[in-house]
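Worksheet for the structure shown next.
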Protein chains: 2
Amino acid sequence: MIKPLPTRERLIDIAGDIFGREGFKAATVRKIAEEANANIAAVNYHFRDKEGLYRAVLEDIFAKAFQKFPSVPPPGTPADPEKRLLIFIRAMFYRFLSREGWGGLSGQGKLIAREFLNPTPAFDDIVETYIRPQKNILAAIVSDVSGGKLDPDRIISCAVSIIGQCIYYAFAAPIIEKIAENLTPIEKNLDFLSDHVFRFSLGGIQSIVNTLHENNGIIGQEVHP
Amino acid sequence: MIKPLPTRERLIDIAGDIFGREGFKAATVRKIAEEANANIAAVNYHFRDKEGLYRAVLEDIFAKAFQKFPSVPPPGTPADPEKRLLIFIRAMFYRFLSREGWGGLSGQGKLIAREFLNPTPAFDDIVETYIRPQKNILAAIVSDVSGGKLDPDRIISCAVSIIGQCIYYAFAAPIIEKIAENLTPIEKNLDFLSDHVFRFSLGGIQSIVNTLHENNGIIGQEVHP
DNA sequence: ACATGAATAAAACACTTGTTTGAAACAGTC
DNA sequence: GACTGTTTCAAACAAGTGTTTTATTCATGT
């Protein structure tokens, strides 16, 4: 016999899914309350208003996922730069797409994607608490992998290239499913995808290091437009 | 003296912006009509209903952008695979982010991102008409760049990695702006960004080719979780 | 000048939305 | 068992939504 979650928790779980699937405005408190088996007024009682519920959802989603899938190896585990890169990439995939992460209630992943697209005021705190530290971790890894040969701007460019690949799988899953069935980012593909992005990115970084001397923008100057 | 656009066209332009910024549900026909200097009833008169307007917007956005920034060199222009890759990447960046593309009325880019996240029925046609052919073009380029050494699944993986990098810049622009000011994907950075993604991806493809013999999943097997 | 159809305008309609209200049910304590 | 604070519930409210209606203006061809 499983103890049922209290109303407040049920609301947060369901709301994360519905907010993500339909967006803040389109999601209605009526539907959220109904699917959570709660009364409509429960939202206002527990969270003041709809936005209060949304803030609670956002905080909950990030706290749980980063706790469950940390981006760095456990303390005391020595790891060379390449291995740290793989760990980082894999954590990202699992966080976004595994059943234990945001892939289970699949709307939750979309909620975050929506925040990237149109950050709400509530997201400012999240950026500082979770996103920026992640950027710094990855930047350090990229710097190490490149042997310290890259300037800050190029390090960040590479970091964005890496994150972009990972997030795109989560973000564009419905389209990927349509035009590349085999790569649908579901549980059993996560290791393959992590491995692919890892290798692709290693080569990418190396390539940036190797072409450092070339004058930017010379290549293909005559390409239109 | 510039001839003012007819109401129908003004509605499509403005609606693309507002739909993108706020989402289909949150965007109101009142606001769209007001900003387009049109009457509220004009939407229903010209497009039957709100969804009709949305469909018109979607079709318009894709038609214009792909006409303005084609992914392939002009007919009769011979180009080696690498050059075709650069052209493809650059076209993507300009389509998404330049003032002449979807970056001007910046909501339009977001509208497409929203469709990737949550495709509406109206998007099915777009996928077949525009997206799938793009996938095939890029797949052919990747295959050529790799010297024909990659199997279909890996080709598509690489293609997704490339597209992911490009789209991520458009999609996550607000966050990138916050944590990596120098790389804000605005007009003057597009060539730098195209060049970066081009080099990164060339190295990435090469790396996938070079590690073809390795058994998938062996690397980092003991990595948690 | 007139007739005809397309385009615009203001007002009204039916419906859904988030929120509030006041009463009822529940839990724990003395 | 009565008291108290917390939680749940059904009903009502005010604001905002997409759409329809009806009348008016505009453009064009004869």
Side-chain angles (χ1 to χ4, degrees), chain A residues 1-60 107 110-111 114-115 118 120-123, chain B residues 1-60 107 110-111 114-115 118 120-123:
Chain A
M1 180 63 185
I2 300 174
K3 175 160 53 168
L5 286 167
T7 302
R8 205 188 124 93
E9 314 297 324
R10 291 201 318 273
L11 281 172
I12 289 182
D13 281 354
I14 295 291
D17 195 38
I18 297 186
F19 275 138
R21 285 186 202 279
E22 321 198 347
F24 178 80
K25 187 68 189 300
T28 71
V29 294
R30 274 177 175 78
K31 183 168 182 184
I32 291 171
E34 188 178 356
E35 292 204 15
N37 287 317
N39 189 273
I40 315 172
V43 169
N44 301 85
Y45 175 76
H46 285 286
F47 306 96
R48 213 171 76 104
D49 55 12
K50 190 183 179 185
E51 197 190 317
L53 170 58
Y54 186 81
R55 299 184 95 95
V57 165
L58 211 51
E59 179 57 36
D60 180 76
K110 294 187 180 182
L111 184 142
R114 279 177 200 282
E115 283 291 346
N118 271 69
T120 63
F123 201 57
Chain B
M1 182 59 187
I2 298 174
K3 174 160 48 168
L5 286 167
T7 301
R8 206 189 124 91
E9 315 296 324
R10 292 202 316 275
L11 280 174
I12 289 182
D13 282 353
I14 296 291
D17 195 37
I18 297 186
F19 275 138
R21 286 185 203 281
E22 322 197 349
F24 179 78
K25 186 70 190 299
T28 71
V29 294
R30 277 178 172 77
K31 183 169 181 183
I32 292 171
E34 189 178 357
E35 290 203 17
N37 287 317
N39 188 273
I40 315 172
V43 169
N44 302 84
Y45 176 76
H46 286 284
F47 305 95
R48 211 172 78 103
D49 56 12
K50 190 184 179 184
E51 197 189 316
L53 170 58
Y54 186 81
R55 298 185 95 96
V57 165
L58 211 52
E59 179 57 36
D60 179 77
K110 295 186 179 184
L111 184 142
R114 281 176 198 282
E115 283 291 346
N118 271 69
T120 63
F123 201 57

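First the proteins, then the strands, lettered A, B, ... as listed; each starts at 1.
Residues forming a side-chain hydrogen bond (donor to acceptor under 3.5 Å, both in side chains) with N44(B) (at least two apart in sequence, or on another chain): none. The ring-ring contact (aromatic ring centres under 6.0 Å, His included) test applied to F123(A) returns no partner, not counting sequence neighbours. T120(A) is linked by a side-chain hydrogen bond (donor to acceptor under 3.5 Å, both in side chains) to E115(A), counting only residues two or more places apart in sequence or in another chain. Taking D60(B) as the reference, K64(B) meet the side-chain hydrogen bond (donor to acceptor under 3.5 Å, both in side chains) condition, with sequence neighbours excluded.
Within the structure, side chain to side chain donor-acceptor pair (under 3.5 Å) contacts touching residues 26-36 of chain B (residues at least two apart or in different chains) are E22(B)-K31(B).
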task: Let me have a per-nucleotide readout for nucleotides 7-20 of chain C, 5' to 3', with B, S or -, counting only protein heavy atoms under 4.0 Å.
output: BBBB-B----BBBB
